[in-house]
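Below, chains carry the letters A, B, ... as their sequence lines are ordered, and counting in each starts from 1.
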Amino acid sequence: MKHNLVIGATSAIASEFCKLRAKQGDSFCLVGRRYERLSQVQDELIVLGASKVELIEYDFIHDNLLSLISTQPAIDVCLVAHGSLPDQEVCLADMAMLNREIQTNLTSTLALLAQLRTLFIKQKKGTIAVITSVAKDRARKSNYFYGALKASVGFFCDGLRMELSEYNVNVLEVKPGFVDTPMTKHLSLPKPLTSPPSKVAECIDNAIIKGRGRIYAPFYWWGIMLIIKLIPSFIFKKLNF
Amino acid sequence: MKESSINSWGLFPAKAQRHTQPAWRDEIATLVTHFSEQGSLYLPHGKGRSYGDCCISASSDLFNCQSLDRIIAFDKDQGIIVAESGTTLEKLLSVAIPAGWFLPVTPGTKYVSLGGAVANDVHGKNHHQQGTIGNHVRRFGLYRSDLGNIECTPQENTKLFHSTIGGVGLTGIITFVELKLMKVPSANIAQKTLYFSSIKDCLQISREYDNANEYAVAWLHCSPDSPHFGEGLYFLGNHAADNDLSVSRKSALTLPGLCTLPIINDLTIKAFNALYLQKGKRSTGGSTVNYDSYFYPLDRVTNWNILYGGKGFRQFQCIFPEAVAEEATNECLNIIQKYNAGSFLVVLKRCGNKPSPGLISFPMEGISLAVDFSNNIAGIDGLMRELENIVVQARGRVYLAKDSSISAASFKQFYPNWNELEIMRDKNIKSALWERLASV
């Protein structure tokens with residue numbers, strides 16, 4: 001029976017991850033911006049078998065997570081799953097939107113990871129799992145802004161992984177491909193390559209158990225991204241995707 | 001917002017629809033207001049497992065509730081479960097079974113939404129014992145463009161309670177449902193198979209055995225040029241006494257959607273029917289099977305409907321009052337033979353006299369007949385019309401969840417309360433079915 005701190009717990013992938021673990025009787029601390037939605041996730045987790053579910057409303061701006069979770073038991077897994085998919089066209093034209101997305105997807109994430117670092121160094125055990133994206137592997141015309149934010153988070157995770165390994169703490173970076181969630185509802189994703197969030201949650205769970213450092217979710221995206229990364233620039237820049 | 005032209009199970013009629021799909025109940029209000037401001041009609045939509053046009057919008061907008069699929073509460077002692085309307089029956093079973101509970105009523109697939117099940121007031125193999133799902137609904141939430149969020153029980157918003165059950169989505173968006181489950185000793189079904197050689201025999205078995213069994217249904221051999229046409233197998237079932245409350249982990253196959261050839265056709269139907277009857281005759285007697293195999297054999301292939309090919313298929317499901325059932329059923333078989341319309345799925349079921357709380361509800365005390373027909377059958381429209389006429393003359397009914405072809409006049413005879421449902425309809429909601437049948 002493990003204790004899970006889930007940040008961005010109302011996101012589709014995070015909810016599915018919690019549901020998976022609830023069936024094993026795990027306990028949870030769910031962190032998110034909207035208390036009403038967090039409590040709907042809480043209701044379901046309790047039905048599914050969670051031993052205890054606490055809620056923390058957090059604005060992702062005031063960087064006081066450590067004080068909010070100071071009474072938590074030892075955390076076995078912290079999943080960092082909050083985020084948004086920015087409209088690149090809009091963000092590159094509107095500086096307020098640009099900064100808002102940087103705050104949501106980068107600044108708040110690094111601030112959280114820095115705070116979690118303090119906690120996990122003290123604990124000397126557990127896993128921090130962070131969801132980035134296959135978008136970070138190579139810049140694409142249509143979403144290099146999003147890719148840049150995720151690439152930065154991924155780089156930070158690489159460093160954090162090296163540092164925290166000395167304290168018996170693992171840092172897992174999860175790179176999902178196309179996932180069918182509210183975040184991507186407006187996109188036309190190719191059906192054969194689109195996974196349900198429950199599949200990604202399964203991949204995360206397995207990777208945590210195996211102590212993996214970086215994974216693609218599902219695994220076959222490793223092959224797809226390898227090809228994408230190998231395409232020479234003079235061809236890649238002509239591709240429209 | 002997604003666009004799709006495959007919106008109902010029969011793949012027919014094919015009408016392009018835009019899906020608006022909220023992820024949280026608190027998003028419903030804004031989306032409905034948006035529709036109201038545009039003056040657009042929409043239709044609540046679940047899993048789209050109705051066969052015809054009752055789950056297709058009269059406009060092109062569907063209010064897809066599939067992502068509203070959270071379980072809200074479960075009282076394991078009383079067997080009362082509360083879930084959002086997009087929750088599938090499969091998900092409900094996965095939670096209910098380990099606690100010793102089962103759906104009191106289930107249709108032939110577990111991949112329907114709870115809201116859809118209530119909107120069609122589904123019935124199952126135990127209608128003679130438990131009635132329809134409406135008989136087990138304690139409460140539900142409804143979002144209407146004129147009233148906002150309300151709750152309906154037999155005592156509160158009573159008219160809406162009754163008109164929503166079986167109301168094919170017209171009275172508002174069902175947001176959640178509270179359902180009373182059935183206590184069971186096991187998820188396995190002890191089944192007994194009997195062979196019959198005629199409709200008369202089948203109905204005799206039904207009169208003799210149904211009341212002593214929880215579940216009862218008959219399968220009919222329906223290849224018109226076979227000597228075995230009209231013979232069949234009668235399946236009786238009860239929950240076993242073996243205390244096995246394990247949830248089925250059978251993996252389901254999803255066929256690649258590339259093939260539009262009709263795999264289900266005259267030849268394959270003939271072959272299937274011959275084999276199925278023989279297999280059934282050889283294994284008459286008793287056996288114990290898990291609930292998945294007993295209730296949901298077709299769910300092993302999640303998209304078996306595409307096997308009918310690009311044109312799709314239809315189901316004719318009707319019910320005849322007891323007094324005329326044998327004669328009317330035989331007349332239907334004669335018509336089917338006349339059109340040489342083979343089918344691999346022909347089901348007969350005796351329905352009991354437990355009245356549904358639904359204003360518009362399909363079952364009555366009598367015999368229900370359900371037949372799947374490929375749209376490739378020559379003269380299919382004529383066939384459906386002749387079958388419809390038999391139902392009109394017999395003063396029976398056709399099931400709206402399966403229909404795409406009956407006339408408005410027949411509909412009004414089948415469901416004389418239709419006008420009351422029209423009065424209770426949310427005026428921003430309309431289905432293609434309602435436009436076809438209930439336009440005043």
Give a yes or no on this: more than 12 heavy atoms of other residues, nucleotides or ligands lie within 6.0 Å of atom [atom1] of [X].
X: B:Lys183; atom1: NZ; result: yes
X: A:Trp222; atom1: CH2; result: no
X: A:Arg212; atom1: CZ; result: no

Leading residue by heavy atom contact count with chain B [cutoff under 4.5 Å; candidates A:Lys19, A:Gln42, A:Gln40, A:Lys23] = A:Gln40
Select one option (side chain, backbone, both, neither) describing which atoms of [X] are under 4.5 Å from chain B's heavy atoms.
X: A:Ser188; value: neither
X: A:Leu187; value: backbone
X: A:Lys191; value: neither

Under 4.5 Å from a heavy atom of chain A, the part of B:Asp75 involved | neither
Does one side chain, of B:Asn243 or B:Ser186, offer a donor that lies under 3.5 Å from an acceptor on the other?
-> no
Axial cation check for B:Trp24 ring with B:Arg70, 6.0 Å and 45° limits = yes
